[in-house]
Amino acid sequence: MTTLVISHPACLAHEMGEGHPERPDRLRAIERALESEAYQMLARDLAPRADLDAIARVHPKDYIEAIRAATPKQGLAAVDPDTSMSPGSYEAALRAAGGALFAVDEVMSGKVRNAFVATRPPGHHAEVANPMGFCFFNNAAIAARHAQAAHGAERVAIVDFDVHHGNGTQHIFWDDPTVTYASTHEMPLYPGTGAVGERGEHNQIVNAPLRAGDSGETFREAMEAVILPRVEAFSPDLIIVSAGFDAHHRDPLGNLNLVEADYGWATRRLMEIARRKCGERVVSVLEGGYDLNGLARSVAVHVTTLMEG
């Protein structure tokens with residue numbers, strides 16, 4: 001049993017304009033970080049294109065088609081004030097969703113213990129029929145629905161430690177008792193959701209907002225007191241991690257002060273729950289993280305911890 005890393009060169013072809021923080025160099029930084037000898041035992045594979053029916057478990061087919069149709073033949077096309085498409089964007093989005101689907105297949109079938117999906121664009125801001133916040137398709141949500149539909153998972157937990165709240169994921173599962181969404185994030189900050197009182201129709205949404213300037217110590221306290229007990233009590237058949245690394249102290253889009261060790265700690269704690277509750281099954285999908293150095297070092301620790309089992 002090993003750890004699988006999934007990526008695809010097509011994810012480098014998604015561009016949102018010069019100076020945009022969500023840029024192809026993010027994946028190049030991750031690739032370099034995982035090149036060293038310490039990672040030679042990783043299983044590696046290419047992200048397939050997502051089957052449109054699998055995406056349609058979350059997003060209506062007319063929305064999927066609208067995203068395809070919005071893809072420009074040249075230049076950039078804005079879909080919201082922060083989010084643009086280039087000629088390679090739709091293909092990249094299909095590969096990002098497809099990587100999450102493939103990770104679920106490999107983990108749920110027992111071929112690997114866990115997986116990290118190093119793709120872009122990210123997904124957790126994407127609503128059912130609305131792209132926003134650098135996101136087109138909600139990769140974590142698509143993965144959760146696939147685990148249920150294709151692998152018989154009865155309960156899926158999505159844990160999100162991106163500095164920004166995953167409004168899309170929360171809204172998608174707001175009235176679904178079979179999926180818990182648990183998030184730490186900075187607040188107030190984009191997109192403005194994620195208050196403690198936002199609990200879903202079945203009290204299965206769990207938000208533990210942090211304040212600007214909070215450290216890893218506060219993050220760990222929130223995880224210990226709020227997030228981890230709820231995930232454990234939910235007894236999921238799979239844990240999906242919306243792995244954003246923009247709560248790192250170097251990141252330009254957030255104001256939290258996490259360090260690499262905090263990500264290693266959170267990963268280890270989630271793996272401990274997975275060991276007790278769901279046969280060690282963890283699928284981690286890349287969300288944010290915009291300082292290349294902080295991103296690379298944090299992903300390295302995250303993947304090292306996944307490998308340790």
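- To the nearest 0.5 Å, atom CG of residue L210 and atom NE2 of residue H185 are 7.5 Å apart.
- Atoms CG and CH2, from N167 and W174 in turn, are 12.0 Å apart once rounded to the nearest 0.5 Å.
- Using a 4.0 Å cut-off between charged nitrogen and carboxylate oxygen, K111 and D45 do not count as a salt-bridge pair.
- In this structure, CD1 in I205 is found 9.0 Å from NE2 in H171, a value given to the nearest 0.5 Å.
- Hydrophobic clustering keeps V79 apart from M16 (ILVMFWY residues linked when any side-chain heavy atoms are closer than 4.5 Å, directly or through intermediates).
- For the salt bridge (Lys or Arg N to Asp or Glu O under 4.0 Å) with R120, the qualifying choice from E91, E22, E15, E287 is E22, the only one to do so.
- A donor-acceptor pair under 3.5 Å is formed between the side chain of R281 and the backbone N or O of D237.
- A heavy-atom distance below 4.5 Å is found between the side chains of R26 and L286.
- For the pair Q204/V179, no side-chain contact is recorded, criterion being any heavy-atom separation below 4.5 Å from C-beta on.
- Grouped with M132 in one hydrophobic cluster are Y190, the linkage being side-chain heavy-atom contacts under 4.5 Å among Ile, Leu, Val, Met, Phe, Trp and Tyr residues.
- A parallel orientation is assigned to the rings of Y263 and H248, their planes being inclined by less than 30° (bins at 30° and 60°).
- Across D160, T169, N138, a single residue satisfies side chain to side chain donor-acceptor pair (under 3.5 Å) together with H124, and that is D160.
- Proximity of D246 to E186: side-chain heavy atoms (C-beta onward) are nowhere separated by under 4.5 Å.
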Table please: side-chain donor-acceptor pairs of residues 213-227 below 3.5 Å, with sequence neighbours left out.
residue	atom	partner	partner atom	Å
D214	OD2	R211	N	2.8
S215	OG	E217	N	3.2
R220	NE	D262	OD1	2.9
R220	NH2	A261	O	3.4
R220	NH2	D262	OD1	3.1
E224	OE1	R269	NH1	2.9
E224	OE2	R269	NH1	2.4

Side-chain polar contacts of residues 27-35 - donor-acceptor pairs under 3.5 angstrom, sequence neighbours left out - could you list them?
residue	atom	partner	partner atom	Å
R28	NH1	D25	OD1	2.8

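- Looking at H202, its side chain does come within 3.5 Å of a backbone N or O of D175 through a donor-acceptor pair.
- Interatomic distance, M85 CE to T71 OG1, rounded to the nearest 0.5 Å: 3.5 Å.
- Taking the six-membered ring where tryptophan is involved, the planes of Y63 and H59 are tilted, since the angle between them lies from 30° to 60°.
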Determine, step by step, whether E280 and N114 satisfy the side chain to side chain donor-acceptor pair (under 3.5 Å) criterion, reporting the C-alpha distance in whole Å, the side-chain angles of both residues, the deciding distance to 0.1 Å, and the verdict. CA-CA 7 Å; E280 301 186 281; N114 52 53; over 6 Å; no
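- Counting heavy atoms from C-beta outward, F245 and D251 have side chains that stay 4.5 Å or more apart.
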Tell me, with the steps shown, if Y290 and H20 meet ring pair (Phe, Tyr, Trp, His ring centres under 6.0 Å).
CA-CA 10 Å; Y290 305 102; H20 198 290; 8.1 Å; no
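- No more than 12 heavy atoms of other residues, nucleotides or ligands shown are found within 6.0 angstrom of CZ on R199.
- Aromatic rings of F136 and H14 (six-membered ring for Trp) have centroids within the 6.0 Å cut-off, being under it.
- For the pair D162 (side chain) and H164 (backbone), a donor-acceptor distance under 3.5 Å is present.
- Atoms NZ and OG, on K277 and S235 in that order, are 3.5 Å from each other to the nearest 0.5 Å.
- For R95 (side chain) and L46 (main-chain N/O), no donor-acceptor pair under 3.5 Å exists by modelled atom type.
- Proximity of V117 to N139: side-chain heavy atoms (C-beta onward) are nowhere separated by under 4.5 Å.
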